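Structure record follows, encoded as structure tokens.
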Amino acid sequence: MSAIMMGIGAGLSLLGANAAASGVTKAGRYNKQIADRNAKVAEQKAELRLFRAEQDIVKFRSQYQGLAGEQQVQYSKANILTGTGTALEVAMKSAEEMDADINNLEYNAKSEAGDYRDQAANMRLQGQLKLFEAKSQAKAMRLQAMGKFAGSMASI
């Protein structure tokens, strides 16, 4: 009777260890899903940053056009020809500064987007690592449980 009880106990222990191992694997899959979701959010942030930069550039160009128009009005009021001499130099300098500002906006947006994409890649890698660790832990739990079960059965 004692041998039967020991066998039942060993079997229940094995079942419990298998259930725990399954739980660890499921937790690893869940952690990977969270990491993948967070990675998608980071990628969306990257795309949104680039989109907002495009909007900022359109707005900036519109503001520049208003400034250039105001310069022309002021030159006209002062009877200065806008396409020559100092007026032309000022207009060209303003256009160069606008181009530099736009390039800066684009560079910063691409840099931030790249950072978000790097974060996304790291999140995915972390998710894969968590899943691998969970599967390894589950496998170790199952092997340990099988060893205990075999030892228990051998002692009966």
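In this text the structure is predicted, and so the values were computed from the model without any measurement.
A salt bridge does not link Asp36 to Lys40: none of the charged side-chain nitrogens sits closer than 4.0 Å to a carboxylate oxygen.
Note: Arg52 CZ to Lys59 NZ = 12.0 Å, rounded to the nearest 0.5 Å. The distance from the NZ atom of Lys32 to the CD1 atom of Ile34 is 12.0 Å, given to the nearest 0.5 Å. In this structure, CZ on Arg61 lies 12.0 Å from CG on Asp56, to the nearest 0.5 angstrom. Atom CD of Gln55 sits about 11.5 Å away from atom CG of Leu50, to the nearest 0.5 Å.
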Using the side-chain contact (heavy atoms from CB on, under 4.5 Å) rule, take Tyr116 and Leu48 through it: C-alpha gap first, then chi angles, then the decisive distance, then the call.
CA-CA 10 Å; Tyr116 285 128; Leu48 181 60; over 6 Å; no
Show the numbers, then the answer: is there a side-chain contact (heavy atoms from CB on, under 4.5 Å) between Leu88 and Met92?
CA-CA 6 Å; Leu88 179 60; Met92 288 180 69; 4.0 Å; yes
Side-chain donor-acceptor distances from residues 129-149 under 3.5 Å, at least two apart:
{"unit_1": "Ser136", "atom_1": "OG", "unit_2": "Phe132", "atom_2": "O", "d": "3.0"}
{"unit_1": "Arg142", "atom_1": "NH2", "unit_2": "Ser22", "atom_2": "OG", "d": "3.1"}

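Side-chain contact check for Leu67 versus Gln63: every heavy-atom pair is 4.5 Å or farther apart. Between Glu47 and Arg117, some side-chain heavy-atom pair lies under the 4.5 Å cut-off.
With sequence neighbours left out, the side-chain contact (heavy atoms from CB on, under 4.5 Å) criterion links Glu97 to Lys93.
Here the side chain of Ser94 pairs a donor or acceptor atom with the backbone of Val90 at under 3.5 angstrom.
Linking ILVMFWY residues whenever their side-chain heavy atoms come closer than 4.5 Å, directly or via other members, places Leu105 and Tyr64 in the same cluster.
Judged as a side-chain hydrogen bond (donor to acceptor under 3.5 Å, both in side chains), the pairs with a partner in residues 98-114 (not counting sequence neighbours) are, in order, Arg49-Glu112.
Closest approach of Ala109 to Ala53, counting heavy atoms only: CB-CB, 3.3 Å.
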